[in-house]
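Position 1 is the first residue of the sequence; numbering continues from there. As a basis for the values below, the full set of heavy atoms in this structure was taken, side chains included, without hydrogen atoms, waters or symmetry mates.
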Amino acid sequence: MKLVVVESPNKVKKIRSFLGNDYNVGASFGHIRDLPAKGDLGVDFKDGHIAPHYMVTKKDMASQLQRLAKGADEILIATDPDREGEAIGWHIVQILGADKFTYKRVTFNQITKKAVLDAVANPGELNMDLVNAQQARRVFDRVVGWVVSPTLRRGVGKKEARSAGRVQSTALRLVVERELAIRDFDNKDYFELDAHLLGSKEPAFVATLFEWQGKKLEHRLTSKEEAEALVESCKPGPWSIESVDRKKSNKHAPPPFTTSTAQQAASVKLKLSPDQCMKALQALFEAGHITYHRTDSVSLSPEAIKAARDIIQKNYGDAYVPAKANQHKSKVANAQEAHEAIRPTHPEHGAQNDQVKAHRDVYELIWQRYIASQMAAGVDDVTVYTVKTESNDQVRFRTRGSVCIFDGWRKIGDDSTSEKKNAKDQDAKPLPELVAGETLQLQDLKLNKKTTKPPPRYTQASLIKEMEKRGIGRPSTYASIMKTIIDRTYVFEQKRKLHASDLGIDVCQWLINHYQGNFIEIEYTSAMEERLDAMSRGELNWESAITEESELLVSISQKAGLSYNPLSGEKPQPAKPVEGMHCPTCNGPMRAIKSAHGEFYGCMDYPKCKGTRPGKEQAEAEKNAPACPLCESPMRYRKSAHGAFWGCSQYPKCKGLRNVDGEDKSPSNDTKKSSSKKKTTKQTVNKDVQCPQCQKPMRLVPEKEGKYKAFWSCTEYPKCKGTRQHEDETKTKAKTKTKSKNNTQAKTKPQTNNNVSPACPECGSEMYRVPAQNGKPEHYTCCHAPDCSGTIT
C-alpha cells in the first residue's frame, strides 16, 4: 500500500478513483506547520545559520496522516507544483519522520487520470532549493513584520497602524503615491480645434488639430485668445488633403491566462475580487476542470495547442486557424514559467451546469481566452488623412479611420484584462475614399474647451497589473496583499477604485522617512524577488542572504525607535515607570507614552485604569494657561491634526476654544442657536408620543439613522435613553442603565472644576482628586506633577 498526500481534501476522492485500491490518499489541508503566531520571533540567527522554530498548526491533520502512514510502504508527496507546495511537502516529511519512510515527490499540473497516473509512474525527489527559497521568503517576511510593525505603531502614534509587510507596504506605496498625485494635480484648461470637412464623397468627417508651428500639439493651446485667433486664421481656407496613409493593421491574439491576468479579467469582466477569483480557480483546479492556476507561464503544451486548433477549425472554419501555431512570450519581470498557462483540461467541454455561477463564469473566461490565444490575428484597414489649410501653413489637422477586414480571434471576445479600450480603436470610423490633393469643403470649425485630468486611481485589477509589471510579489500573493491593505484600512474601495486613507498615507510616509532604501522601495522589493528566484535555482545561499538582510533591517529599525535586537534572542523591554509620577485615578505608577499629538503619561495598570497626566510640553504650557472665554475655567493645551490650541478643561460640557495666541475661537451664541435650530428642523418631534421613562416628547429617528428600523427616541437624549417602537407606539423597549448613578459617578474621571477642586499651594494650578486606595488617604495632587509637587491631604 502506498500513501499519496495532497494539500486539499477536495482532491482526495477524485485522485483515489484514478489510482485504485493499491493506494491510499490523505490531505494536509494546506500548511501543516508554521512559525508560532505569538510569543517571540520564532527564528534563531547564529553564525550565519537560521533555525526556524516551526510548530504544528493542524494537530488533527498531522495525527491523521501519521495513522495513514503506519501501513504504507512508500509515501508520495503530491502537494501543489510550486515553491509553497514543495515546502508543505517538506513539512509533511518532518512530521511523519524523515528516516521512518521512503518518500517520493510527484507533481501534476492537472487533475486528470492520465496526468495523475503519469506522475505516479515517474516520481522524483523533493527539491530542497525550492523549499529553502520558500523558507527564506517566510523568515524574512516574519522579520519585517516582527521588527517594523511595533516600531511603526509607536512612530505613527495610532493603534490602527497595526502592521507593515515586505510586499504589502510596497503595494500600499503605489496607491498612496497615486493618491497624492491626484490631490496635488493642478487642473488646467486647454483647447482642441476640430474641423468638420466634406470631400467629393460622403460622409463628412472630423479632423483634429495635431501639429502647430512644426511641433506636435500636446495641450499647447492654453490661451483662449490665442486659440480664437488661430481659428480665425484657419477659416478662410482653402482646405485640402495633404497626404493619405493606408495600411493593414494586424491585431494579434492575446496569450492564455496566467494567475495575474486571470485575476485582472475576473475583476474587469465579472467584478470579482482577486480573493474571490483565486477561490474559484482553486475549486476549478481541484475539480479537474483547469490546469494548475498559480503560474506565470503563457505557454501551452503541444497537446493543448492541437486541441485548441481542432476546436477552432470545427467551430469557426479554416480561415480562423493560423498556418503556424501561436507562440506567446511572457512580458513579466521575474516570470516563473515552469508550468503551462491556465487552460481547460477538457476544452471540448464547456462550463458545467452543476458549477457555482462564479466558477462557471470564470471557467468560461478561461476557455474563451485559451481558444482565442490560438486563433488567427484580426486584420483592420487603417486610413489616416493629413489635412492642411492654405490660409495658415503652420497648422496640420489629422483624422483616422478603421475598417475591420477580418475579425480573427475577436470573433469570440475582446481583451478581457483591459479596463480602458484603446482610444484609437474606439474613435476610429470608416472614412470616405479620398485622394491626396483633393479639395475639401469646411462645414464648421469648432473650438472645444477641455481640462487636463489627474492620473486615474488604481482598481484592484490595475494595481495587480502594475505590481506584476514592476516585479513586486508573486501572482499567488496578489489576492492576500489586496485583502490585507483593505482590511488594515490603509486603503478603501469606492466604486471599485482604490483610495488611500489618511492612516495609509501616514503609515506610508513614516515608512519612507525611516526605511528609505530598504523594503519600502519598489526597486528593493523587485530585487528581493530576483534573489529569491536565485535561491530557488540553488544559485544563492538562503541563510547568509537572509541573515544579511535581516541584520540590516534591524539596524535601520533601531534608528527608527526599536529598543532591542530580536535576532539575538532579546525580548521587548517592559516600559519603566516614571519616578515621582502617580496616577490621578488609582495613585499607581505611570509611564511615558508617545502619541501623534505629543508625549503624555499613562497609568501602568492600563487598560484596567485609564488615568492620564499631561506630558512635559503640555504641563509647561499650562503653567500660563488662559481662562476659558465661556466659563472662565482653566484651559488645557491640546494638539490636533490642525495644530496646537487651547481647549476648556470642562469639555464636552463647555466648548470654549482659544488659539495658541490667545484669540477666542469659541462658537458664538448665534452659531449655537442657528445650529440647534437647524438640528430641530431635521427632527420629527411629536408631543403626543411620550417617553416611557420621563414622559417628555419624542422624536422620530428615520431608518437610515437607526441601527435597524425607524423608532421614537426621547428628545432629552442622551440624558434619557427611552425609546419606543415606531410601528406600535404602545410598546416600549427602553434601554436603562444597569448601574446606579452613584456607582457610575464613582468611576468617572476626577473633578477638574476649580469651584470643586482647590488650587495648588505651590503654583496655584488646578488639582486632581485622588481617591483613597492601597492604604493611602484621599488627597489632591497638582495636575503638573512631577514638575510640581504640590499636594493637599
message: Below 30° counts as parallel, above 60° as perpendicular, anything between as tilted: where do the rings of Tyr524 and Phe140 land?
response: tilted
- request: Would you check, one step at a time, whether the test side-chain contact (heavy atoms from CB on, under 4.5 Å) holds for Glu86 with Arg105?
  value: CA-CA 9 Å; Glu86 207 77 16; Arg105 176 74 164 119; 3.0 Å; yes
- prompt: Under 3.5 Å, is there a donor-acceptor pair between the Thr525 and Thr170 side chains?
  reply: yes
message: For Glu529 and Arg137: C-alpha separation, side-chain torsions, deciding distance, then whether salt bridge (Lys or Arg N to Asp or Glu O under 4.0 Å) applies.
response: CA-CA 9 Å; Glu529 292 296 341; Arg137 180 186 295 275; 3.0 Å; yes
message: Ignoring hydrogens and geometry beyond distance, is a side-chain donor-acceptor pair present between Asp310 and Gln313 at under 3.5 Å?
response: no
message: Please report the interatomic distance NZ(Lys269) to CG(Asp361), rounded to the nearest 0.5 Å.
response: 12.5 Å
query: For Lys13, does the NZ atom have more than 12 heavy-atom neighbours from other residues, nucleotides or ligands under 6.0 Å away?
result: no
statement: Interatomic distance, CG@Asp129 vs CE@Met535, rounded to 0.5 Å, equals 11.5 Å
task: Assess the side chains of Ser260 and Gln264: does a donor N or O sit below 3.5 Å from an acceptor N or O?
output: yes
query: Are Glu340 and Ser297 close enough that a side-chain donor and a side-chain acceptor fall under 3.5 Å?
result: no
- prompt: Would a 4.5 Å heavy-atom cut-off, applied to side chains only, mark Asp80 and Lys11 as touching?
  reply: yes
- request: Salt-bridge test for Arg470 and Glu523: reply yes if a basic N is under 4.0 Å from a carboxylate O, no otherwise.
  value: no
message: Which label fits Tyr292 and Phe285: parallel for a plane angle under 30°, tilted from 30 to 60°, or perpendicular past 60°?
response: perpendicular
- request: Look only at the side chain of Asn250 and the backbone of His252, and say whether a donor-acceptor pair between them is shorter than 3.5 Å.
  value: no
Under 3.5 Å: donor-acceptor pair, side chain of Thr79, backbone of Gly85: yes
task: Start with the C-alpha gap between Asp533 and Arg474, add the side-chain angles, then the distance that decides, and say whether side-chain contact (heavy atoms from CB on, under 4.5 Å) holds.
output: CA-CA 11 Å; Asp533 291 344; Arg474 294 258 62 88; 4.1 Å; yes
message: A cation-pi test, strictly: NZ or CZ of Arg33 under 6.0 Å from the centre of the six-membered ring of Trp90 and no more than 45 degrees from its axis. Yes or no?
response: yes
field: Ring geometry between Phe205 and Tyr385 (parallel below 30°, tilted from 30 to 60°, perpendicular above 60°)
entry: perpendicular
Arg400: which of Leu431, Val382, Thr383 passes side chain to side chain contact (heavy atoms under 4.5 Å, CB included): Val382
field: Lys/Arg cation over aromatic Phe519: Arg166, 6.0 Å, 45° cone
entry: no
message: Assess the residue pair Glu74 and Leu76 against the criterion (side-chain contact (heavy atoms from CB on, under 4.5 Å)); give the C-alpha distance rounded to whole Å, side-chain angles, the decisive distance to 0.1 Å, and a yes or no.
response: CA-CA 7 Å; Glu74 187 178 56; Leu76 303 179; 3.8 Å; yes
message: Just verifying a value: how many Å separate Glu530 CD and Glu539 CD, rounded to the nearest 0.5 Å?
response: 11.5 Å
- prompt: Between Asp380 and Arg410, is the closest basic N to carboxylate O distance under 4.0 Å?
  reply: yes
field: Pairwise distance OH(Tyr320) to CZ(Arg309) - rounded to 0.5 angstrom
entry: 15.5 Å
